[in-house]
Amino acid sequence: MIEQRYNKTIKMVAAGRGRNSSRSRSYHKRRPRRKQNTKKTTNPAPSTLAPAEAPSDKAPSEVEDKVLVLPPFLSVRDMAMMMNRSPIDVIKKLMALGVMANINQSLDFDTASIVAEEMGFQVEEEKPDVLEEDIEKQSAQKTLRQRILETEKEENLVPRPPVVAVLGHVDHGKTTLLDAIRRTNVVAGESGGITQHIGAYQVVLPGGKKVTFLDTPGHEAFTAMRARGAQATDIAVLVIAADDGIMPQTEEAISHIQAAQVPMIVALNKIDRPEANPERVKQQLADMGFVPEEWGGDQIVVPISAKKGISIDELTESILLVAEIVGVRANPKGQCVGTVIEGKLDRSRGVMVTLLVQNGTLHTGDVIFIGDQWGKVRAMFDSHGQLIQEALPSTPVSVLGLSEVPEAGEVFQVVSNEQVARSIIHDRNAKKQVAPRKAVQALTLEQIFEHVQRGEVKTLNLIIRADVQGSLEPILNSLEQLPTEEVKFDVLHKAVGNVTESDVLLAIASKAIILAFRVKVDPAAANLAESSGVDIRHYDVIYTLVDDVGRALTGMLEPVYEERLLGKAEVKELFHIRKVGQIAGSYVLEGRIRRNSIAYLYRAGKQVTRSRVSSLKRFTEDVDEVKAGFECGIALEGVSGIKPGDIIESVEKVRVR
């Protein structure tokens, strides 16, 4: 009946248009016609309601292109246009398959391919042109910069401006240094002179060369980007105040820079102050293994005064020199990818996202996807707030067009059209539903031997926290005595005090193991470690710590488990089922009884036996667990001498180390 109505409607419309009937004329007299597009087209697309003479019965042999390349998702209208058929023909086929759809209905690939094959086409699935099959999957193994260099051809790579991150201890003059380089007053707009957000600025130095600076609030943000696989930075500038010297946050920043494996330039700031002692700071650096060039080492140290503008040119020259040695390059005509620097919700403009282009060229109107969202670049602004139409590699830009604020450090990518973006997002969401996404996980000590055997791990990254300075040296000396022919140790960071969130971030980014000797873990660090799978090992004896690491390298480390009580139940009466055996009709007193859990049977306060809950029932139905306050039937594996009044404890085994 529905198909007959469609056919009748088509014939009525076709007849009305063909004869220019009085009914049609009177209709147009009563209502003014809508303004039509008079622009001529050489190959007009089929209208929504096509005449009955439309090529719906066209034989497959008359179709020029028999192979139809379909995206993962498309509308009925788009599919009809691709096949040069009427949308009504597609709707008819869908109805025959039991699918009720309108012209704007979205079809998945499987449904669309069946319809296309019914209409005489051979179907192939469109493969989106992306840099990686799964960016999130690869982010834990290689940085975005490494993947760009591996993907692009050598002849297409050209020099680009270096991206520089400025790190250091609080109030050592990071933002003041950028202020001196950019010759603007950013510090005045900051709360208390402390940086409150992540910013990206591109400056043109004397001679016309450009440098992009990332002004970060600390090394945590620097490492958080690495943890997501971005690593947008080419060079790190470590700011140290000449009057304060190396502080705890300075040491942490150095550890994060080393883990990132990017060249470091030390900016020795505040040399104009009377209490400044540059030689003492150089000695501190030398003691940590960073011998200044003037002392015969290879560490670049530039004494400056950001406030008075002393030796700023010398610092920028050092940055350009290191960039030339490193060879920072990209392909402006290649696949456009980059990193999210920051995102915010502007009341007047909506979602504003700062992006750093790392390869290719970003244009206004490009379709981009970030994480599990996509959007079209409606407007683009440079670091000075000027409206621009394109952004080359190493250019930071603020863009409008996304519906939600993405997370800093996420990777963005340009795709050819909205359909490709939708299909990529749909595939990612489908994968999340099948297998929930896990955070990038560092290795556990139990996994080290397996990865060493497979050749995946050649360096064991360690972060060591101890209660006092006197404990660090014996730990390091004892670890160095271990026979490590197949794997080397790399202590990324060692310090006194509790395990912090910064330590966990560093462990995530570097797949490191945290050894906590007689110290606690900060609550925020504990939550992050639990969600990210970072292995934090607690020790009270140095011998035990070293022994565990040694056993891990030889594959002999045994995990430590403990039993935790789930719940208790009292046996009220007994039943016997032929195929199951003795069933204890019980009442759950506290907690819960869980099927397949360890079970202890107690009588008069004494343990009778240890077994397993082999069967658990509520009335006649098998259940996984029964909570306190409910009755249930419990069968213990291999146990038949249960009596009324006995207590059954359900216990689970939990790994504690």
Side-chain angles (χ1 to χ4, degrees), residues 164-169 172 174 218-220 222-223 226 231 233-269 271 277-304 315 318-319 321-322 325-326 458-466 468-482 484 487-497 500 502-503 505-507 509-515 517 546 549:
V164 181
V166 181
L167 295 90
H169 187 73
H172 273 202
K174 294 177 293 184
H219 47 271
E220 292 89 351
F222 173 81
T223 302
R226 290 182 49 242
Q231 189 158 335
T233 310
D234 301 311
I235 301 170
V237 172
L238 179 67
V239 180
I240 305 176
D243 54 346
D244 273 355
I246 294 179
M247 305 296 284
Q249 283 192 357
T250 312
E251 294 182 5
E252 289 188 2
I254 292 174
S255 300
H256 287 242
I257 293 171
Q258 285 183 298
Q261 298 181 349
V262 295
M264 180 178 72
I265 299 174
V266 176
L268 198 52
N269 196 21
I271 60 171
N277 190 349
E279 296 303 314
R280 179 175 68 92
V281 179
K282 292 178 182 178
Q283 183 61 54
Q284 289 177 326
L285 287 169
D287 293 340
M288 296 180 66
F290 303 99
V291 182
E293 287 182 325
E294 58 191 81
W295 288 13
D298 55 4
Q299 177 60 57
I300 300 176
V301 180
V302 184
I304 65 167
L315 177 62
S318 299
I319 291 172
L321 176 62
V322 173
I325 295 173
V326 173
K458 295 182 179 179
T459 302
L460 175 58
N461 294 327
L462 297 175
I463 298 170
I464 303 176
R465 281 279 186 173
V468 292
Q469 190 68 35
S471 300
L472 283 175
E473 292 303 322
I475 291 173
L476 293 173
N477 292 335
S478 299
L479 288 174
E480 290 176 358
Q481 301 302 319
L482 289 174
T484 55
V487 63
K488 296 180 180 179
F489 289 105
D490 188 3
V491 179
L492 302 180
H493 181 59
K494 58 182 186 298
V496 173
T500 65
S502 174
D503 297 326
L505 281 170
L506 182 57
S510 307
K511 289 192 174 183
I513 294 167
I514 300 176
L515 304 179
F517 185 78
V546 177
V549 176

For [X], which residues count as a side chain to side chain contact (heavy atoms under 4.5 Å, CB included) partner, sequence neighbours excluded?
X    : answer
T500 : E252, R465, S502, D503, D522
Q284 : I246, R280, V281
P263 : I235, V322, V326
V468 : S471

Closest non-hydrogen atom pair between I463 and A507, with its separation: CD1-N, 3.8 Å

Closest non-hydrogen atom pair, S510 against L492: CB-CD1, 3.4 Å

Separation between [atom1] of [X] and [atom2] of [Y], rounded to the nearest 0.5 Å:
X    : Y    : atom1 : atom2 : answer
L321 : I319 : CG    : CD1   : 11.0 Å
E279 : L268 : CD    : CG    : 9.0 Å
I240 : I254 : CD1   : CD1   : 5.5 Å
M247 : H169 : CE    : NE2   : 4.5 Å

I'd like to check the side chain to side chain donor-acceptor pair (under 3.5 Å) partners of [X]; sequence neighbours left out, ordered by chain and number.
X    : value
S318 : none
D287 : Q283
E294 : K282

Donor-acceptor contact present, side-chain N269 to main-chain A241, <3.5 Å: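 Side chain of N269 to backbone of A241, a donor-acceptor pair under 3.5 Å: no, none is there.
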
T250 side-chain N/O to G168 backbone N/O, donor-acceptor pair under 3.5 Å: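 Checking the backbone N and O of G168 against the side chain of T250, no donor-acceptor pair under 3.5 Å is found.
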
Salt bridge (charged side-chain N to carboxylate O under 4.0 Å, His left out): pairs with one or both residues in residues 254-269, sequence neighbours excluded: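 Listed once each, the pairs would be none.
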
Ring pair (Phe, Tyr, Trp, His ring centres under 6.0 Å) against H493, all qualifying residues, sequence neighbours excluded: none

Partners meeting salt bridge (Lys or Arg N to Asp or Glu O under 4.0 Å) with E251 (sequence neighbours left out):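 Residues passing salt bridge (Lys or Arg N to Asp or Glu O under 4.0 Å) with E251: none at all.
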
Listed partners of D244 passing salt bridge (Lys or Arg N to Asp or Glu O under 4.0 Å), at least two apart: none

Close side-chain approach of I257 and V262, heavy atoms under 4.5 Å: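 They are in side-chain contact.
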
